[in-house]
Amino acid sequence: MNSAPPEPDEKTDPQSPMKRVDWKDYRDHLTTADKQGNRTWLYPRKPSGTWHRRRAWLSFGLLALLFAGPFIRINGNPYFLFNIVERKFSILGQLFWPSDMAIFAIAMLLFITSIIVFTTAFGRLWCGWTCPQTLLMEMVFRKIEYTIEGDSFAQRALAKAPWTGKKIAIKLTKHAIFFALSWIIGNTLLAYIIGSEQLIQIITDDPHNHITGLSFMTAFTIVFYLIFARFREQACTFICPYGRFMSATIDENTMVVAYDHKRGENRAPWKKAQSIVLRQAEGFGDCVGCRACVAVCPTGIDIRDGTQMECVHCTACIDACDATMDKINRPRGLIRYASLNSIERGEKFKFTPRMMLYLVAITALAGVLAILVFTRTDVETMLLRAPGALYQQLNDGRIENLYTIKLLNKTTRDLEVTLKLEDVEGTISVMGTGELNVPRAALSQTSVLIALDPKHLHGSTLKLRIGVYDAQGRKLETIKTVFVGPRDQHEAREGQKGDHDDKPKRD
Ligand code: SF4
Ligand code: SF4
């Protein structure tokens, strides 16, 4: 049987865009895929050491905050809520509404710029130390896996072993725990969107009343289960855009998890009897080729090949190499946080013009954000003339306009609001109850009537400024509107005398 002819590549056809893959060159292929393109499952060795302990402590603190977040209240508001359904947002207990979009946009810009600055200076600290994906994968799911299935070698052996009752029990236990954890993570995400009260209601109430909520709950649980049980490091290498940004933001001054090739090369196994002086005289460096740094890497790369997009700066290779250096009695730090310039030229960390430029941008954005937040009013009032309504002339001759008022209470307390005309004498009456009460974090709408003596009108319209005050007489904001009256004052005066009026009259 004839086999299919080989695909043309750069060797058989110089014009071909196809490149022959060099499987020895790490740049040519993914470490997590074989020659057929199938996924190579990773079994990273259990990390341990100083850096891991530091990360673990920080991770547990951050994860506790992540899971407790929806239940933490500041001034009665969630410390973080991103309710896109009801268009209600809370950051550190401060409520924000769609009308605060400018604040939100500036805050997002500030957040993104800060991450870029941070990446330029310190590489992917975010990924390794604070990203929820890394924290949950490495500090929760991976640790459960080590506890149930054992370290890397035991996991490999279990994967190759036939499906016995014991293997099924181990796998079932692990995946049941993974699924339960994914349910908790999915619910936490849902609570950040709809609020913890609504989430509890969905869980405790009759399921028939919450079909949509339960559907989202199930979808989130399945997505998180698949991410942490199957997709794993691929979320960082294939999906997350941040890793891709990194190549555009880092430079030779950026602190990254790096292998000191000047100290490490050339590699050669360690011989106990050989002194370090002799080893160096023979042209060998400190890397003994133990591959402990590769064995622990959760993304399957070899950091000795240089900074790579897949590296999430988890520091596991630093600890692994330090342990090797301890064993051979060489100084720690063959793999460490370092910039290329510090390794190549021994340069200390320096503040580059690029970092300075980013910092100026951050300071400017922070300034704008501070101004927007501090000048933000407690209420937002919209006063519009009722559509289609004309002015009315009252029996006492005054002119009256009907308005629709919308009051958004951005505070966490109920507000009793009064309106006062600022530059002109007249009356403002609230229709219905006669009062303007706006519940906390809510929008109220009603109608108000403004009546003025026609002597104040110098034309058919008058611009009005109205003060919005709280129950303590504190001015919350000043709003502007337009008052309309008769086209000429003669018409108004005639109307006042009562012998000329074709407009409806009211007492
Ligand atoms: S190279 Fe080192 S720091 Fe980067 S992901 Fe692998 S183990 Fe973590
Ligand atoms: S752990 Fe250190 S000594 Fe061992 S291979 Fe990696 S860089 Fe070399």
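When a ligand or atom number is given, it counts from 1 through the structure's own listing order.
- Per-residue contacts place His313 under 4.0 angstrom from the following atoms of ligand 1 (heavy atoms of the residue considered): 3 (S), 4 (Fe).
- For Tyr337, the ring-ring contact (aromatic ring centres under 6.0 Å, His included) partners two or more places apart in sequence, or in a different chain, are Trp51.
- In terms of protein heavy-atom proximity, atom 8 (Fe) of ligand 2 is nearest to Cys287 SG, 2.3 Å.
- Residues Pro70 and Leu199 are not in side-chain contact: their nearest non-hydrogen atoms beyond the backbone lie 4.5 Å or more apart.
- Listed by chain and number, the protein N, O or S atoms at a distance under 2.8 Å from atom 6 (Fe) of ligand 1 are Cys297 SG.
- For residues 60-89, every residue pair satisfying the ring pair (Phe, Tyr, Trp, His ring centres under 6.0 Å) rule, not counting sequence neighbours, is listed here: Phe80-Tyr192, Phe82-Phe89, Phe82-Phe104, Phe89-Phe104.
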- Task: Test side-chain hydrogen bond (donor to acceptor under 3.5 Å, both in side chains) on Thr307 and Arg124 and set out the steps.
- Result: CA-CA 11 Å; Thr307 302; Arg124 288 169 73 176; over 6 Å; no
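- Applying the salt bridge (Lys or Arg N to Asp or Glu O under 4.0 Å) test to Glu145 and every residue at least two apart in sequence or in another chain returns Lys174, Arg232.
- Residue-level proximity to ligand 1 for Gln308 is absent, since no heavy atom of it falls below 4.0 angstrom.
- Applying the 6.0 Å contact sphere to CH2 of Trp57 captures no more than 12 heavy atoms from other residues, nucleotides or ligands.
- Using the six-membered ring where Trp is involved, Phe228 and Phe224 have ring planes that are parallel, under 30° apart on the 30 and 60° scheme.
- Within the listing of ligand 1, atoms 3 (S), 8 (Fe) sit less than 4.0 angstrom from a heavy atom of Thr315.
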- Message: Run Lys171 and Leu158 through side chain to side chain contact (heavy atoms under 4.5 Å, CB included) and show every step you take.
- Response: CA-CA 9 Å; Lys171 291 284 179 190; Leu158 186 71; 3.9 Å; yes
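- Under a 4.0 Å heavy-atom criterion, Arg267 is not in contact with ligand 2.
- Near Met325, with a cut-off below 4.0 Å to any heavy atom, the atoms of ligand 2 are 3 (S).
- Taking 4.5 Å as the limit, every side-chain heavy atom of Met137 sits out of range of all side-chain heavy atoms of Cys131.
- Counting only heavy atoms from C-beta outward, the side chains of Ile203 and Met217 approach each other to under 4.5 Å.
- In terms of protein heavy-atom proximity, atom 3 (S) of ligand 2 is nearest to Val288 N, 3.5 Å.
- Annotation: atom 2 (Fe) of ligand 2 to nearest protein heavy atom, Cys321 SG, 2.4 Å.
- Side-chain atoms of Arg336 never come within 3.5 Å of backbone atoms of Tyr259 as a donor-acceptor pair (strictly under, hydrogens ignored).
- Taking a cut-off of under 4.0 Å to the non-hydrogen atoms of Arg291, the atoms of ligand 2 that pass are 4 (Fe), 5 (S).
- Atom 4 (Fe) of ligand 2 has its closest protein heavy atom at Cys290 SG, 2.3 Å.
- Here atom 7 (S) of ligand 2 lies nearest to Arg304 when heavy atoms of Arg304, Lys327, Arg330 are compared.
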